Amino acid sequence: MAMAIRSLLIFLCILSITVPTFSLYEDQAGLMDWHQKYIGKVKHAVFQTQKTGRKRVLVSTEENVIASLDLRHGEIFWRHVLGTNDAIDGIDIAMGKYLITLSSEGSILRAWNLPDGQMWWESFLQGPSDSKSFLFVSTSTKVDKDNTILVFGKGSLHAISSMHGEIVWKVDFPAESFEVQEVIQHHDSNTIYVVGFVGFSLFDVYQINAKNGELLKHDSAAFDGGFSGEVSLVSKAKLVVLDAARSTLLTISFQNGEISFQKTYVSDLVKDFSGMAVILPSKLTGLFAVKTNTATTFISVSSEGQLEVVDKINHATVISDALSFSEDRQAFALVQHGDNDIHLNVKQGHDWNSDLLKERIKLNQQRGFVHKVFMNNYVRTDKSHGFRALIVMEDHSLLLLQQGAIVWSREDGLASIIGVTTSELPVEKKGVSVAKVEQNLFEWLKGHMLKVKGTLMLASAEDVAAIQGMRLRSSEKSKMTRDHNGFRKLLIVLTKSGKLFALHTGDGRIVWSVLLNSLRQSEACENPTGINVYQWQVPHHHAMNENPSVLVVGRCKPSSDAPGIFSFVDTYTGKELKSFGLDHSVAQVIPLPFTDSTEQRLHLLIDTSGQAHLYPRAPEAVAIFQLEFSNIYWYSVEADNGVIKGHGLKSNCDGEVANNYCFGTREVWSIVFPSESEKIITTITRNSNEAVHTQAKVVADQDVMYKYISKNLLFVATVSPKASGDIGSATPEESHLVVYVVDTVTGRILHRMNHHGSQGPVHAVFSENWIVYHYFNLRAHRYEMTVIEIYDQSRADNKDVWKLVLGKHNLTSPMSSYSRPEVTTKSQSYYFTHSVKAITVTSTAKGITSKHLLIGTIGDQVLAMDKRFFDPRRSVNPTQSEKEEGILPLTDSLPIIPQSYVTHALKVEGLRGIVTVPAKLESATLVFTYGVDLFFTRLAPSRTYDSLTEDFSYALLLITIFVLIAAIFVTWVLSEKKDLRDKWR
C-alpha cells in the first residue's frame with residue numbers, strides 16, 4: 001500500500017512538471033483576465049440605515065441571489081447565490097441584525113447575519129399542499145428582541161423564533177383549495193388574520209391566536225361574481241379585489257367576524273373604460289391603484305368602503321409600498337416617465353395633493369421603463385426628512401436616486417446573458433494613434449530597471465506595485481482598434497431583458513449598450529423574448545468599408561409557435577439598423593456557410609410547421625442558395641417524444657406563404673427511441689467553425705491513423721425513464737445510459753455504447769473526431785468521464801506518400817455521408833471528482849495547438865485539462881515509443897491540478913456557459929465564462945511557442961548582449977596581449 005501511494009505521488013509530481021498549467025505570479029493578476037460581479041434583476045429590497053456605520057440595502061433577485069449592497073457606492077458587501085430551484089419568495093429584517101429569506105415556495109426559511117452574510121440558522125417547513133407563500137416579520141423597533149416570524153407556505157401557517165429558527169407552532173388549513181391572499185397581524189396584537197379564497201367565489205377569514213396558534217374563529221362568505229385573485233389591503237380589516245370579469249371592484253370588510261361586500265363598477269370610476277382592469281401590487285393605507293387600457297387611476301377608500309378617484313395618470317407609472325417615517329405619518333413614491341427623464345414624487349399617505357418631494361432626473365433612454373421602486377428615508381442635518389429611491393429598470397439595471405441625481409448605477413442585466421458572439425474591432429488607420437504614451441528617457445530607463453529587478457527577484461513590494469501599475473498604464477489591451485495578435489475584440493452579449501451589450505475583451509468595459517425596441521413590450525408583441533444573437537455581416541476584402549453587424553432573433557411570446565422578430569445592430573456604434581416582425585414562427589435558426597457580395601451571411605429559419613425561410617431576402621441570396629440546394633440538411637430533436645428526424649429541402653412553399661424565399665421540407669430519416677426504455681437528455685454537435693489542422697494522426701509505432709472528420713455527426717445520450725430524475729432517483733439495476741453517434745445526413749448510427757448502472761445529467765463536448773462526456777456511475781457512487789475517438793478505416797491502408805503527391809491518394813477524393821463509412825472507435829472511462837455545469841474545448845485559428853477541455857465545475861470555477869488525459873490509448877505501462885508520443889500512464893481517475901484552474905481563486909457564480917474564441921495568434925485562445933458573474937481570460941494551451949510574452953524584458957536582453965560584446969572585446973584584448981608576450985619570449 002505504501003509503495004502504491006509513493007508511486008502515485010511520484011506520478012503526480014511528474015504530471016505537475018510535464019503538463020502545462022495556467023498559474024501566474026501575483027503581479028500578473030488582471031493583465032490578461034478580468035472578473036465582474038453582478039446580482040441580477042432585483043425582486044425585493046429592504047434598507048438597513050438605522051444604526052451608525054455602514055448603510056446598506058439588502059436585495060433578492062430573479063437569479064436567486066441575496067446580497068448586501070453599499071448604499072453609498074452600490075458595491076457588494078456580501079452575497080449568496082442559491083440553487084436554481086431555490087427561488088426567493090420574500091425577504092425582511094428581524095431583530096435589527098438578521099436578514100430573513102423565504103424560498104422554495106415557502107419551504108425554506110433562513111437567517112443571515114447582516115454584517116458578514118454568514119447563515120445563522122435554517123428551518124425546513126412542511127405542509128399538506130403547495131400554495132402561495134408569505135413572509136411576515138414584526139416591525140418592532142426593539143433590537144435583540146426574539147420576535148416571532150410568521151410564514152405561510154405549503155398550505156400551513158408557521159410561527160418561527162427569529163433568534164433560533166425553531167418552529168413555535170403550526171396551523172394546517174383544512175380546505176385544499178384555500179388560496180391565501182394576505183396574512184395580517186396588527187402591531188402588538190395577539191390575533192392573526194389569514195384571508196383568502198376557496199374555489200371560485202368563496203371568501204374565508206381565519207382568526208388565530210399569535211401566542212399558541214389556536215384557531216379562534218373561522219368566517220366565510222360567498223360572492224356570485226367570483227374573484228380574480230389580485231388583492232390590495234387598504235386598512236386593518238378592509239381589502240379591495242376585482243371580480244372574475246375584471247370589470248367590478250369589490251370592497252371586502254371582515255371586522256368583528258362580519259364579512260360584507262361593496263360593488264363598484266370600474267366604468268363608474270374610469271371613463272372610456274374597456275377590456276379588463278388590473279390592481280397594481282402595493283401596500284398603501286386607504287389607497288390603491290388600478291391600471292386600465294387608458295391610464296393608471298389612484299382610488300381612495302373611505303372608512304365606510306366608498307371609492308373615490310384621487311388622480312388619473314396617462315404615463316407609465318410605478319408606485320412603491322408605504323413607508324413609515326414618523327410615528328403617524330406614511331409616504332410612498334410615485335415614478336412617472338417623461339420624454340428623456342423620470343419624475344419622482346413622494347406623497348404623504350393621507351394627503352394626495354401635498355408632495356413631500358418632487359424631483360426630475362434625466363435618464364438614459366436605453367434603460368427603458370421603471371419596473372419597480374423601493375423607498376427609504378433619512379434625516380437631514382436640519383432635522384427634516386429626506387428620501388432616496390432604489391429603482392429597477394426595464395433592462396434589469398439598478399439605480400439609486402437621491403437629491404435629484406443618480407448616486408450610483410449597476411448593470412445587473414449582465415447577470416442574465418442568453419447569447420454570445422464576437423465582433424472584430426476597426427482597423428487602425430495609418431498616422432492615427434488611438435492611445436499615445438509619451439515618456440522621457442529617464443522614465444524609460446527607470447521602467448526597464450524595475451523590470452530587470454523584477455526578473456532577478458530583487459524587487460521590493462513597492463517595486464512590484466510600480467511594475468504592475470506601469471504594465472497597466474502602458475498596456476494596449478484596451479485600445480479600440482484591432483491588434484495583430486487578435487486579442488482585442490468585442491464580445492456581443494444578449495441579455496434576458498432584450499438589451500445588447502458590447503464588452504471590450506481588454507478590460508471588460510461596456511463599449512455600448514442598446515435596449516432593442518423590437519424586444520420591448522408593445523401592442524403587436526405582448527411578451528417578447530430573445531432567442532440568440534448571430535453574426536450577420538463580417539466585412540472582408542472588398543467590403544471593408546462596411547461596419548460589421550449582428551442579427552438578434554426573438555419571439556413575441558415564450559412559446560415556439562409565436563411569430564418571430566428580427567433586429568440588426570451595428571457592432572461598432574451599437575445602433576439598431578432595422579427591425580421587423582416575421583410572418584412565421586422560429587423553431588430553429590441555421591447559419592449557413594455562404595455569404596453574398598456584401599458579406600452578409602445566409603441564414604435558414606425553420607418554423608413550427610416545418611417550412612424553411614431564407615434570409616436575407618434578396619435575389620442574390622436565393623441564387624447562392626440554389627447552387628447548394630441539394631446539399632443542405634439539418635436535424636430536429638423531439639426529446640419529449642423520443643424522436644430525432646433528419647430533414648432536407650424540396651420545392652418552394654405552396655399556398656398563402658408562397659414566395660421565392662420560402663421552401664418546403666422533406667423528412668429524410670427518423671430515429672424513434674422506445675419510450676419505455678430510453679429518454680433523450682442530451683444532444684450535441686461539433687462547432688461548425690472549428691479548424692482542423694490535419695486528418696492524419698501519427699501514433700507511436702510510426703503508423704498513421706486517419707480521423708473521421710465530419711460536421712454532420714450528432715452525439716445523443718439517452719437514459720432509462722426511471723433514471724431521468726435527480727441522482728439517486730433510480731437503483732443501479734433500473735438505470736442505464738446509452739450514447740449514440742449519428743450521421744445527420746443519412747440517419748446512420750455509427751457508434752452505440754451502453755453504460756449500465758449510470759445516469760445523467762450528461763454534459764458533453766464534440767471536437768474533431770472525439771467526444772468527451774460526463775455522467776454519474778451509480779454502482780461506483782462516483783462521477784465518470786468517457787472519451788470516444790472515431791477513426792476512418794477506409795483510408796488506413798493508403799500510406800503511400802507518392803500517391804498523395806501525385807494526387808492518386810484517396811485522401812484527395814471527395815467524402816460523402818452516403819458512402820458507407822468504415823469507422824472504428826476507441827474509448828476509455830475515468831473517474832472524475834467534481835460535478836459539472838458546462839464543458840467546452842479550446843479553439844485556435846488553425847487547429848495546430850493541442851486541445852484543452854474547459855470544465856465548469858459545481859464550485860463555479862473553470863478547470864483546464866489537457867486532452868492527453870482523455871486519450872483512450874493510455875495504458876498502465878506505456879512503451880518507450882508511446883512515452884515519446886506523449887501518452888500518459890493509465891490511472892483510474894483524472895488528476896485535479898490546482899494550478900490548472902483558469903479562474904484562479906475566483907468564482908463565476910451561477911456559471912451557465914463557457915465560450916472560446918480563437919485569436920489570430922495560433923498559440924492563444926480567448927475564453928469567456930458567464931453566469932451571474934462574468935470572467936474573461938486568454939490561454940495558451942501549448943504555451944506561447946510563436947511569440948514572446950508581453951512581460952518579456954527587452955532591457956535585460958539588451959544588457960545581456962552588451963555584456964557579451966564587452967566580454968568578447970575584453971577577452972580579445974587579453975588574448976592579443978598574451979600572444980604578444982608569448983612572441984617576445
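Just so we're clear, the structure is a prediction, and the values are computed from it rather than from any experiment. Along the sequence shown, the residues carry numbers beginning at 1. Just so it is clear, the values below take in all heavy atoms, side chains as well, and ignore hydrogens, waters and symmetry mates.
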Checking [Y] against [X]: is there a side-chain donor and acceptor pair closer than 3.5 Å?
{"X": "Thr571", "Y": "Ser423", "value": "yes"}
{"X": "Gln365", "Y": "Asn340", "value": "yes"}
{"X": "Thr101", "Y": "Arg110", "value": "no"}
{"X": "Ser103", "Y": "Asp86", "value": "yes"}
{"X": "Glu62", "Y": "Ser416", "value": "no"}
{"X": "His371", "Y": "Lys41", "value": "yes"}
{"X": "Thr529", "Y": "Arg555", "value": "no"}

Donor-acceptor pair, side chain of [X] and main chain of [Y], under 3.5 angstrom:
{"X": "Ser123", "Y": "Leu109", "answer": "no"}
{"X": "Arg912", "Y": "Ile417", "answer": "yes"}
{"X": "Lys347", "Y": "Ala333", "answer": "no"}
{"X": "Ser585", "Y": "Thr608", "answer": "yes"}
{"X": "Asp355", "Y": "Leu357", "answer": "no"}
{"X": "Trp512", "Y": "Leu500", "answer": "no"}
{"X": "Ser835", "Y": "Ile858", "answer": "no"}
{"X": "Gln861", "Y": "Leu906", "answer": "yes"}
{"X": "Thr505", "Y": "Lys489", "answer": "yes"}
{"X": "His35", "Y": "Lys907", "answer": "yes"}

Might you work through the side-chain hydrogen bond (donor to acceptor under 3.5 Å, both in side chains) test for Gln330 and Thr285, ending with a clear yes or no? CA-CA 8 Å; Gln330 283 189 336; Thr285 302; 2.9 Å; yes

Assess whether a salt bridge exists between [X] and [Y], defined as any Lys/Arg side-chain N lying under 4.0 Å from an Asp/Glu carboxylate O.
{"X": "Lys496", "Y": "Glu63", "result": "yes"}
{"X": "Lys837", "Y": "Asp860", "result": "yes"}
{"X": "Arg360", "Y": "Asp341", "result": "yes"}
{"X": "Arg79", "Y": "Asp933", "result": "yes"}
{"X": "Arg520", "Y": "Glu394", "result": "yes"}
{"X": "Asp395", "Y": "Lys499", "result": "yes"}

Which is it for Glu179 and Lys132 under the salt bridge (charged side-chain N to carboxylate O under 4.0 Å, His left out) test, yes or no, and what are the steps along the way? CA-CA 7 Å; Glu179 296 182 5; Lys132 204 172 181 178; over 6 Å; no

Euclidean distance, [Y] [atom2] relative to [X] [atom1], rounded to 0.5 Å:
{"X": "Phe197", "Y": "Ser228", "atom1": "CZ", "atom2": "OG", "value": "7.0 Å"}
{"X": "Ile391", "Y": "Ser397", "atom1": "CD1", "atom2": "OG", "value": "7.5 Å"}
{"X": "Thr916", "Y": "Phe928", "atom1": "OG1", "atom2": "CZ", "value": "12.5 Å"}
{"X": "Met393", "Y": "Leu399", "atom1": "CE", "atom2": "CG", "value": "6.5 Å"}
{"X": "Leu82", "Y": "Ser104", "atom1": "CG", "atom2": "OG", "value": "8.0 Å"}
{"X": "Phe152", "Y": "Phe136", "atom1": "CZ", "atom2": "CZ", "value": "15.0 Å"}

Residue pair Ser513 / Gln366: nearest heavy atoms and the distance that separates them: O-CG, 3.9 Å

Test side-chain hydrogen bond (donor to acceptor under 3.5 Å, both in side chains) applied to Ser60 and His44, step by step: CA-CA 5 Å; Ser60 68; His44 313 98; 2.7 Å; yes

Among Phe936, Tyr930, Phe501, which one satisfies side-chain contact (heavy atoms from CB on, under 4.5 Å) with Leu491? Phe936

Using the side-chain contact (heavy atoms from CB on, under 4.5 Å) definition, which of the options Val42, Leu398, Thr495 pairs with Asp412? Leu398

Min side-chain heavy-atom separation Ile91-Leu99 under 4.5 Å: yes

Working for side chain to side chain contact (heavy atoms under 4.5 Å, CB included), residues Val373 and Leu401: CA-CA 10 Å; Val373 56; Leu401 308 181; over 6 Å; no

Only residue of Arg56, Glu75, Gln48 satisfying side chain to side chain donor-acceptor pair (under 3.5 Å) with Ser68 is Arg56

